[in-house]
Every structure is written in structure tokens, then in C-alpha cells.
Amino acid sequence: MSAARSAATRDGEPLLDVRGLCADYGAGPGAVHAVMDADLMLHRGEVLGLAGESGSGKSTLAYAITRLLRAPGIITAGSVRYHSGSGQSIDLLAADEHQLRVLRWSQISVVMQSAMNALNPVISIGSQLTDVLRAHVPGMSKAGRRARAAELLTMVGITTDRLGSYPHELSGGMRQRVMIAMAVALQPEVVIMDEPTTALDVVTQREILQELAELRERLGFAVLFITHDLSLLIEIADSIAVMYAGRLVERAEAAALFRAPRHPYSLGLLSSFPPLHGPRRPMTGIPGSPPDLRNLPAGCAFHPRCSYVMDRCRTDLPPLLELTEGPGRQAACWLQDGSAPAPAELALPVPPAGRVTAAGQLQAGAARLDQVNLRSRS
Ligand code: SF4
């Protein structure tokens, strides 16, 4: 995605504005805090990636936003506002079941993780597509629904002779395409995709991502794309939020995160996958396992696995610091508050040595100002 387009998507009010969202599993002292104090904004036409290992809270956050969280999951704090293109502003956490039913599919839709589990195995895919239209487009004729179902299948690259097929008669990639066709059937403004390509081989994965990009270009919806594969997000997302142990730990434009991650966890995720493009990076991965959410380490939850851990990390929880090196650039790491020198791979930009140009001096000044600003905020 070009920088110009990326900047353009940030104009105006966000489609989804999530503030301080918290979600638990269970209640009382044994409650598991799966999402803590999450702030997210999804803009019109944007692809926002949400990355993190399994159990980091990505899916819980998405289901909390869409009010699809099932017991024992509960939302304990925060707000989620949806600003539609028609000028409506809806508080999703206060919406009743009727309002949610109207919103789902038509304005906000979800592509679930496992297409085989999400599709009904005993109903043909044609009937499942027409069911969506019958439920949400009153007055549409049977022939109209059938024609629209055929059009949707064609849009995702499946021939219409498959309308009568059952899910088990389709490949994994085709089932996932059917899920995408259902999600865009009513031309929503927001599509939330929860690991939509995880179970697929890389060739099918690539084809589906290409088709998704074309559909988005044509229909203009915004996407919240959830995956553990940060290198895939770098390819398709405008901006990326990284989650660890229920908290957002870094936010950045995708290209900026790829060039220079500012949180050791993001750096670890990037070094866990071979990049699809660009220079090779050594694959080192992240030592250890994600923490038990019922018993999080004190201070920074990442400290037992972090190669840059300092004394302070073991006791103090780092806030999400504004890094001032780009729009919305944030990281929750004590290396970024200016009180300790950050290692080169996580440091804020410094001017190149040698030839000094006016631009270089400006950059140097800006970098120094950034450091001063961060120190004064800490
Ligand atoms: Fe590592 Fe400390 Fe930063 Fe946490 S706050 S990511 S432990 S350096």
C-alpha cells in the first residue's frame, strides 16, 4: 500500500474507534484478563493488521469489538464506537441485539478462523449464500438472491456450477473464498478477518490475499486482519498493532515497523518468519513461551523472554509511549523512554555519519528533539 493512500485513509473520523477496551474470561479473583486497555482506530479503506502469538488476545479483542464474545468472556471496560459512512455514530457496547443484527453483515462482517467449522456442513454453499441475503435484504426475490449468490462466487474466483456443492466437496482455499464471499455479500464497510489463511498452503494463501486486495479495491471496505504472521501483515497492511499477553505493545505504519521495529517482541516476531520480499534477515525467533494470563510476570510481561531486559522491566509496567517519529508510532518498552540507550536495532533514528547535509542536520535535530520529548514525558 502506498504511503499516499495510507495517509489518505487517516483523513476524517475513524470507522471504528476503540478506547480502553478490557475483556476477561470469568469473574472475580480467578478472572483471566485476556485484553487490557486496548486502543485501536480503523479508518475508511484501511487494512489494519493485528499481530501476536496464539493466546496474545487478538481474537478476543476482535470478538469484543463486534460483541461476538461468548460466555465466560465478558467486556469489563472501554468503549467501541462505529462511525458509518452515512453519518451514524453507534456505541457498539451499548447496542441492543436488534441493532447488532442490523449492523452485522451489512456494515461489519467477520471471516472466522476455520471455514470448515463456520460453514454449515449439510447445506450447499449456494443456499448458505442466499440465506444471508434472505435474512438481511427483505424484498429481494428468489431469482435475485440466486443471481447475487452466483455473482459473489464469481467475484472470489469460484465457478457458478459450484453453487450446489457442500463444504466438504470444496478445497480449504475454496471454503475460505466462500467465507469471504459471504462476508462481502452486503458490501459492509468493515470486514474483520481472523487468521483467514492460516490453515492454507502458501500458494493458496497468496491467491486469496491477491483476491482480497482486488475485492477491497473494488468495494472499498476496511479490514482488521488478525494473524500471528507479522511478515504477511507487512505485505498487506497499511498499519500494524502488535499484541502481547493481552496488551498492545507496538503500533506503526507497516513499512516503518518492517524497517525499524521499536519493541523487542516485534523484532522477535519479524525474525521468526522469512520475509516475503526484501533482504534476508536472520531467523532467530523468540525464546520461551507466552506467559500464563492467570499469572503474568510483574512489570513488563515480556521481560522473561526479552534479550534487552533491565532491572526496571521486572517491576514497572511500561506504558504505550508516543515515539513522535511518525504518525501513530507507539511502543510499550522502557528502551524507548530515553532513560537508557537503546540497542542499535531498536534505537530511534540517528543521522548517518560522514557527509552532513541540510536534510541530515534536520533529521539529527528531530531525533534529538524526539529524545528530549520522550525524556520529559517519562
Ligand atoms: Fe524488554 Fe524491558 Fe522493553 Fe519489556 S520493557 S520489552 S523487558 S526492554
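Read the numbers this way: they start at 1 and go in the same order the structure lists the ligands and their atoms. Quick note: numbers below take in every heavy atom, side chains included, and nothing from hydrogens, waters or symmetry partners. The chain is numbered in sequence order, starting from 1.
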[X]-[Y] side chain donor-acceptor pair, cut-off 3.5 Å:
X: Tyr265; Y: Glu53; result: yes
X: Asp337; Y: Ser339; result: yes
X: His136; Y: Ser106; result: no
X: Glu345; Y: Tyr308; result: yes

Where Leu93 and Gly78 come nearest, the two heavy atoms and their spacing: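 Where Leu93 meets Gly78 most closely, the heavy atoms are CD1-O, 3.4 Å.
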[atom]: which protein heavy atom is closest, and how many Å away?
atom: atom 2 (Fe) of ligand 1; answer: Cys313 SG, 2.2 Å
atom: atom 5 (S) of ligand 1; answer: Trp334 N, 3.3 Å
atom: atom 4 (Fe) of ligand 1; answer: Cys300 SG, 2.4 Å
atom: atom 3 (Fe) of ligand 1; answer: Cys333 SG, 2.3 Å

What part of His263 sits under 4.0 Å from ligand 1 if we count only heavy atoms: the side chain, the backbone, both or neither?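 The side chain, only.
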Lys/Arg N to Asp/Glu carboxylate O, Arg177 vs Glu207, below 4.0 Å: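 A salt bridge links Arg177 with Glu207.
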Subset of ligand 1 atoms that lie under 4.0 Å from at least one heavy atom of Leu335: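 Taking each heavy atom of Leu335 in turn, ligand 1 has 8 (S) under 4.0 Å.
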I'd like to know: is atom 2 (Fe) of ligand 1 within the 2.8 Å range of an N/O/S atom from Cys306, strictly under that distance?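 False for Cys306.
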